[in-house]
Undergrad: 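So that we are looking at the same thing, I have put the structure below in structure tokens.
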Amino acid sequence: MTITLKPYLRLSGLEPLVVRPETNFINVGERTNVTGSKKFARLVREGKYEEALSVARQQVESGAQILDVNMDDALLEGVEAMKTFLNLVQSEPDIAKIPIMIDSSKFEIIEAGLKCVQGRCIVNSISMKEGVEKFIEQAYICKSYGAAVIVMAFDEVGQADTKERKVEICKRAYKILTEDVGYDPQDIIFDPNIFAVATGIEEHNNYAVDFIEGTREIKRLMPLAKVSGGVSNVSFSFRGNDHVREAIHSVFLYHAIRAGMDMGIVNAGQLVVYDEIEPTLRQLCEDVLLNHNNDNNESTEKLINFAETVKAKGKETVKDEAWRNSSVEERLKHSLVNGITDYIDADTEEARIKYPKPLDVIEGPLMNGMNVVGDLFGAGKMFLPQVVKSARVMKKSVAVLTPFIEAEKEERRQAHLTAGTTNEEGAGAAKILLATVKGDVHDIGKNIVGVVLGCNGYDIIDLGVMVSADKILETAARENVDIIGLSGLITPSLDEMVHVAREMKRRGMRQPLLIGGATTSRMHTAVKIAPQYDDGVVHVLDASRSVTVAGSLLSKEQKTDFLDATRKEYNKLKEDFANKRSAKAYLPFPEAQKNKTTLSWSAYKPVKPEFTGSKVFDSIELSELVDFIDWQPFFISWELHGKFPEILSDEKVGREATQLFNDARKLLQQIVDEKWLIPRAVVGFWPAISDNNDTVTLIDHKGVPVKLEFLRQQIKKAPGQPNVSLADFIAPAETGIQDYIGAFSVTIQGIEPHIKRFEAAFDDYSKITLQALADRFAEALAEYMHFKTRKELWGYATSEHLTNEQLIKEEYSGIRPAPGYPACPDHTEKYKLFELLGGEVATGIHLTESLAMYPASSVCGWYFANPESKYFGVGKIEKDQVENYAARKNMPVEEAERWLRPILEYE
């Protein structure tokens, strides 16, 4: 299999490490360095290499992603020490799984190490200090072993200590390595020299700033290159005071990473979280590192004086736990607002003992805390991922209280039985029923809405997915719910929502009806759903609006005015829609067919696929798909809007987006490592011709003709603009050209047990993140299989070299339109597609009655290879095309209209 790799730094031990644009800072473990660890140096000098392995293992367990190994000691035979230790490392899979950084100032030791390591390592380092000729010679040797290389900012003049010198040397080295040696830019890592600050020498005060600003400029000029450095150097003045050194490292990294530093040699087990450094110490470190207020070494003196008062007490004293000293009510609120589950069981139990009844804890401190969450969310000071974390805390707390609440209920029931009286429980919170309608399997958005409404005190009854109208309405009546909410993703769900609204009116129901989901819109709700039900239909754009809408509908003071205003708004939308429709001109269908896309068939030479028929791909590794993930829709599913990766630095949502991204990547890594999910794909190709109108006939593996029917744009276009149909991109029979068409299905299986586990742990945050990641994997698998199709399976674009960003922008040749989407909006063609691919047995995908796919993380579509094929939307169509289409499909017109209703111009 030939895959064109993206320009990422790719390293490996037994496992790969791919440094992508979204990759966080990479920790290089520093303790297997005889100059940096007294313990490691002692063990190596004494020949106790087996024991020395424990130091390496500890670095890996503490989070090191690369292991730096250095044997530069005057009392050691460096070459033999390096060879001995690295050979032992290779025999320990739990250590050898991460890449090695061979670190030495003596090139003979580096070359000895290169002969020992498996996978792809990093050489640390080479430089121009002995001249360009030596530099080039060493670079060629490193390249011959396939190693990435760290280049010190060091030339014939000396080490670079200012920003200008750092940039100058790195630019010069980059030009030599890329143009003379042939190094790929992404395999070059610069070390612009981290020097100690707070030495008392005024010339040293700007060293950290020079590194940070130098890094920023290096990354601007050479964006594919990486930047590294020995972080512990910066705090050398405070050796012996680990508490202060750890704070300096964290503050330094906070600023250096933001400037573009990609990796650093640092003790992975001794990094304190920036936000958890005590404020006074953090500010002192900032002043020293950023050279603020440091005239006459004033900031340096302040930090030195503060350091004298501090002993190395470990990180637990640095973490701000002051909130634990407040009242149980304040502690519960703090946990809820900050999404902290660590103490929730103990704090809930303490509150339960304090309050007369367990229900009082829910209605008192827990709801008070959730009210704060709701207020912050409503004010835009909290974002959806934080709210879902808060909900996780709330659910865990309620789970502690539930057995006691149920026991109290049973006591009351027994007491009433003994007394012969009626047991009337209070009405409780307002109830909202949520359901994904019949035939639809998508529920991420509904789950999020449920969490947000639950956080605001509503009792949520979630019926799940594929719920019939009867079940929705019977449950609503039985449970006496206050609001019904419907969700759907695929277009047939819109008709099902209309049906539910009609049924509510027929049954005389009075609850307001909320409409939401990706395929829904305010316009469709106003034009199609609201006229079917008189007691309130409201389209809810997203989870953040659901709270306001629910509050208005449940308020006696606000409900009437709110519904009146909504009806007035929807009536206006309906009128506007009718006026807009009447203003548009449509061609008679035969004229639209004549105005088809004009292609030069005489110059077209179709490429024959590698095989015809269908083929199952069931051994794809999740790790192969990670590079193909488009992250932007992931953030949209959490209602964080913005381009990726720019959203991570967005002024408003950047911090929360970054936290969400880090959490998602951590879970993604676990999914990949532990193989939670199973990718499965089926691809097929068949000889095909068109009838020069809207039918494509292919020959299946049994030699049987199968007709695929497509729809054509019918709106009147400007002169010279065609009315496009997908059939236009397949060669007509009269050309004599043997053309081809392809199809695919991809699915991600195995999510259910993990969803159940998160549900059992009341962890909505992880559950929704997992669902969103599964969807991203499905889309990545579709992208991967299309890539593989273009390059190999069909092979019509073997020389393609596109970045992931270009793939996301659909800059590739050919298209993969999906049934039910704008270019082919009829879902019923999926029946043919899946039959061609081998049905449910081969694809692993079940089609519901509304032709949604289960598992929900599934994608299917057609492959067109014609270089002039393009994505488009059919748009609205007239009845003459519907009648023609129904006749071609041998389908009653009424049934065709039901499936095509969202695009009918005349309804």
Undergrad: Between Arg898 and Asp495, does a salt bridge (charged side-chain N to carboxylate O under 4.0 Å, His left out) hold up when you go through it step by step?
TA: CA-CA 8 Å; Arg898 180 169 68 86; Asp495 273 354; 5.8 Å; no
Undergrad: Excluding sequence neighbours, so at least two apart, what forms ring pair (Phe, Tyr, Trp, His ring centres under 6.0 Å) with His524?
TA: none
Undergrad: With sequence neighbours excluded, what pairs up with Asp564 under the side-chain hydrogen bond (donor to acceptor under 3.5 Å, both in side chains) test?
TA: Arg567
Undergrad: Is it true that the NZ or CZ of Arg331 lies under 6.0 Å from the centre of Tyr343's six-membered ring and within 45 degrees of the ring axis?
TA: no
Undergrad: Looking at residues at least two apart in the chain, or sitting in another chain, which of them share a side-chain hydrogen bond (donor to acceptor under 3.5 Å, both in side chains) with Asn662?
TA: Asn24
Undergrad: Which pairs count as salt bridge (Lys or Arg N to Asp or Glu O under 4.0 Å) when at least one residue sits in residues 749-759, sequence neighbours excluded?
TA: Glu759-Lys767
Undergrad: Would you indicate whether Lys333, at its atom NZ, is surrounded by more than 12 heavy atoms from other residues, nucleotides or ligands within a distance under 6.0 Å?
TA: no
Undergrad: Should Asp764 and Arg392 be marked as a salt bridge (charged side-chain N to carboxylate O under 4.0 Å, His left out) after you check the CA-CA gap, both sets of side-chain angles, and the distance that decides it?
TA: CA-CA 6 Å; Asp764 287 314; Arg392 175 172 59 184; over 6 Å; no
Undergrad: Between Asp650 and Lys643 (salt bridge meaning N to carboxylate O under 4.0 Å), is one present in this structure?
TA: no
Undergrad: How would you list all residue pairs meeting salt bridge (Lys or Arg N to Asp or Glu O under 4.0 Å) that involve residues 504-525, not counting sequence neighbours?
TA: Asp470-Arg507, Glu503-Arg506, Glu503-Arg507, Lys505-Asp534, Arg510-Asp535, Arg522-Glu569
Undergrad: Taking side-chain hydrogen bond (donor to acceptor under 3.5 Å, both in side chains) as the definition, give me every residue that meets it alongside Ser555, ordered by chain and number, with sequence neighbours left out.
TA: Glu557
Undergrad: What residues form a salt bridge (charged side-chain N to carboxylate O under 4.0 Å, His left out) with Glu479, not counting sequence neighbours?
TA: Lys431
Undergrad: Under the ring pair (Phe, Tyr, Trp, His ring centres under 6.0 Å) rule, collect the residues that match up with Phe744, sequence neighbours excluded.
TA: Tyr863
Undergrad: Using only heavy-atom distances, determine whether the side chains of Glu329 and Tyr355 contain a donor-acceptor pair under 3.5 Å.
TA: yes
Undergrad: Of all residues at least two apart in sequence or in a different chain, which pass the ring pair (Phe, Tyr, Trp, His ring centres under 6.0 Å) check with Phe661?
TA: Trp631, Phe644
Undergrad: Would you list the pairs meeting side chain to side chain donor-acceptor pair (under 3.5 Å) in which at least one residue belongs to residues 770-782, sequence neighbours left out?
TA: Asp443-Gln771, Asn447-Gln771, Asp775-Ser857
Undergrad: On the six-membered ring of Tyr765, is Lys389 placed so that its NZ or CZ lies under 6.0 angstrom from the centre and within 45° of the ring axis?
TA: yes
Undergrad: Sequence neighbours left out, what passes side-chain hydrogen bond (donor to acceptor under 3.5 Å, both in side chains) with Gln632? Give chain and number order.
TA: none
Undergrad: Residues two or more places apart in sequence or in another chain: which of them pass ring pair (Phe, Tyr, Trp, His ring centres under 6.0 Å) with His334?
TA: Trp323
